[in-house]
Amino acid sequence: MSFRVAVIASGEGSNLQALLDKVHGRDGIEIVAVASNRPAARALERAAAAGVETGVFEAARREDRPARDRTLGDWLEQRGVDLVVLAGFMEILSGEFVRRFHARMVNVHPSLLPAFPGLRPIEQALDYGVRVTGVTVHFVEEGVDSGPIILQEAFPLVPYSRPIADVERQVHEIEHRLLPEAVRLIAAGSVRLDPSDPRRVAIDGGD
Ligand code: GRF
């Protein structure tokens, strides 16, 4: 039996591409569906090019999002999805959707959470003047970028005045390793939420 993964993305989809290249079709992992809130998302083209089914789930108004999220959730369940990966999904999902996929949904965020959640985290980190930043992969909970952390990788912001494009390149290079690694670990059954401490994630062979 394969481990069935769905990816939800709003834009470029370079993290989706990393998953297609590094985990799709390996170790029993299949990316079976890619959904977007934007019909023009490049992520959809990348999915189609890999022969993966796509769906567009738009919500014209903020009030329409809960109903949209229910339709999206049904679409994912119908495809027997084991894990939902948010990879550059730029909207906040309803609490009902988050609860429905509790412990079955992860997000990649380009900062060392809990620092700089929300929008434009790389700019936030540079504006703040931190000396170290990084990438976080975490389970999704209600609350923005606040769920239990699975993997993190840090790097120094040296020299201090590096152009943002250069920092973004380094962040992406890390994301494209860390997210596939997290999906591999989850698919292998090596990642568990600690029932006695909901903030903690235990990883077999880890700490
Ligand atoms: C990534 O930096 C991800 O961490 C953030 O949005 C960006 C999406 O990039 N949430 P891509 O669409 O995967 O290229």
Side-chain angles (χ1 to χ4, degrees), residues 5-24 29 31-50 52 54-58 65 69 72 83-94 97-98 101 105-128 130 132-155 157 162-186:
V5 176
V7 179
I8 308 184
S10 297
E12 177 57 29
S14 69
N15 280 286
L16 164 66
Q17 192 65 55
L19 292 170
L20 289 167
D21 294 343
K22 296 182 179 174
V23 303
H24 182 47
I29 303 170
I31 298 177
V32 295
V34 172
S36 183
N37 58 323
R38 289 186 49 241
R42 171 121 163 76
L44 294 170
E45 285 173 40
R46 294 179 189 267
V52 174
T54 60
V56 176
F57 298 85
E58 287 180 277
R65 286 188 191 169
D69 290 356
L72 171 60
L83 180 71
V84 177
V85 178
L86 305 184
F89 183 62
M90 301 307 288
E91 288 180 2
I92 295 170
L93 290 156
S94 62
F97 185 94
V98 171
F101 291 94
M105 179 157 60
V106 299
N107 180 47
V108 59
H109 186 78
S111 77
L112 287 180
L113 290 171
F116 312 123
L119 293 175
R120 307 177 77 78
I122 299 173
E123 287 90 332
Q124 288 188 58
L126 291 175
D127 289 350
Y128 198 94
V130 291
V132 175
T133 190
V135 171
T136 304
V137 180
H138 63 93
F139 282 113
V140 177
E141 267 188 354
E142 291 182 65
V144 177
D145 300 319
S146 62
I149 290 169
I150 304 167
L151 295 176
Q152 282 187 309
E153 186 172 318
F155 67 92
L157 281 171
R162 272 170 70 185
I164 184 159
D166 187 40
V167 178
E168 281 169 349
R169 250 194 312 279
Q170 187 162 4
V171 161
H172 276 121
E173 183 265 319
I174 295 171
E175 287 183 334
H176 299 166
R177 275 188 291 105
L178 215 61
L179 184 60
E181 177 62 11
V183 171
R184 257 195 301 267
L185 287 166
I186 294 167

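This structure is a prediction, so every number in the text was calculated from the model and none was measured. For ligands, and for the atoms within them, numbers begin at 1 and follow the listed sequence. Atom set for the values below is all heavy atoms of this structure, side chains included, hydrogens, waters and symmetry mates excluded.
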Are Glu173 and Arg169 close enough for a salt bridge, meaning some N to O gap below 4.0 Å?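 Judged by the 4.0 Å cut-off on N to carboxylate O distance, Glu173 and Arg169 do not form a salt bridge.
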Under a 4.0 Å N-O cut-off, is there an ion pair linking Lys22 with Glu181?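 Result for this pair is no, no salt bridge flagged.
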Closest to atom 13 (O) of ligand 1 among Val135, Leu179, Asn15 (heavy-atom distance):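 Answer by nearest heavy atom: Asn15.
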Proximity winner for atom 6 (O) of ligand 1, if only heavy atoms of Ala41, Gly88, Pro110 are counted: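 Of the listed residues, Gly88 has the closest heavy atom.
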Is there a polar contact, in the sense of an N or O pair closer than 3.5 Å, between Val171 and ligand 1?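 Looking only at distances, the answer is no, because the N/O contact criterion of under 3.5 Å is not met.
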Consider side-chain contact (heavy atoms from CB on, under 4.5 Å). Of Leu151, Leu86, Asp145, which one does His138 pass it with?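 Of all the options given, the one that passes is Asp145.
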Are any of the heavy atoms in Met90 under 4.0 Å away from ligand 1?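 In this structure, Met90 fails to qualify as a contact of ligand 1 - no heavy atom is under 4.0 Å.
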Is it true that Gly13 lies under 4.0 Å from ligand 1, counting heavy atoms only?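 Yes, Gly13 has a heavy atom closer than 4.0 Å to ligand 1.
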As an exercise, identify every atom of ligand 1 less than 4.0 angstrom from a heavy atom of [X].
| X | result |
| --- | --- |
| Glu175 | 1 (C), 2 (O), 3 (C), 4 (O) |
| Val108 | 3 (C), 4 (O), 10 (N) |
| Glu12 | 12 (O), 14 (O) |
| His172 | 2 (O), 9 (O) |
| Ser14 | 11 (P), 12 (O), 13 (O), 14 (O) |

Give a yes or no on whether the backbone of Pro117 and the side-chain of Gln124 come within a donor-acceptor separation of less than 3.5 Å.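 Yes: the side chain of Gln124 pairs with the backbone of Pro117.
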Salt bridge (Lys or Arg N to Asp or Glu O under 4.0 Å) involving Arg38 - partner list, sequence neighbours excluded: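 None.
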Around Arg162, counting heavy atoms of other residues, nucleotides and ligands shown, do more than 12 lie under 6.0 Å from its CZ?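 More than 12 heavy atoms, drawn from other residues, nucleotides or ligands, come within 6.0 Å of this atom.
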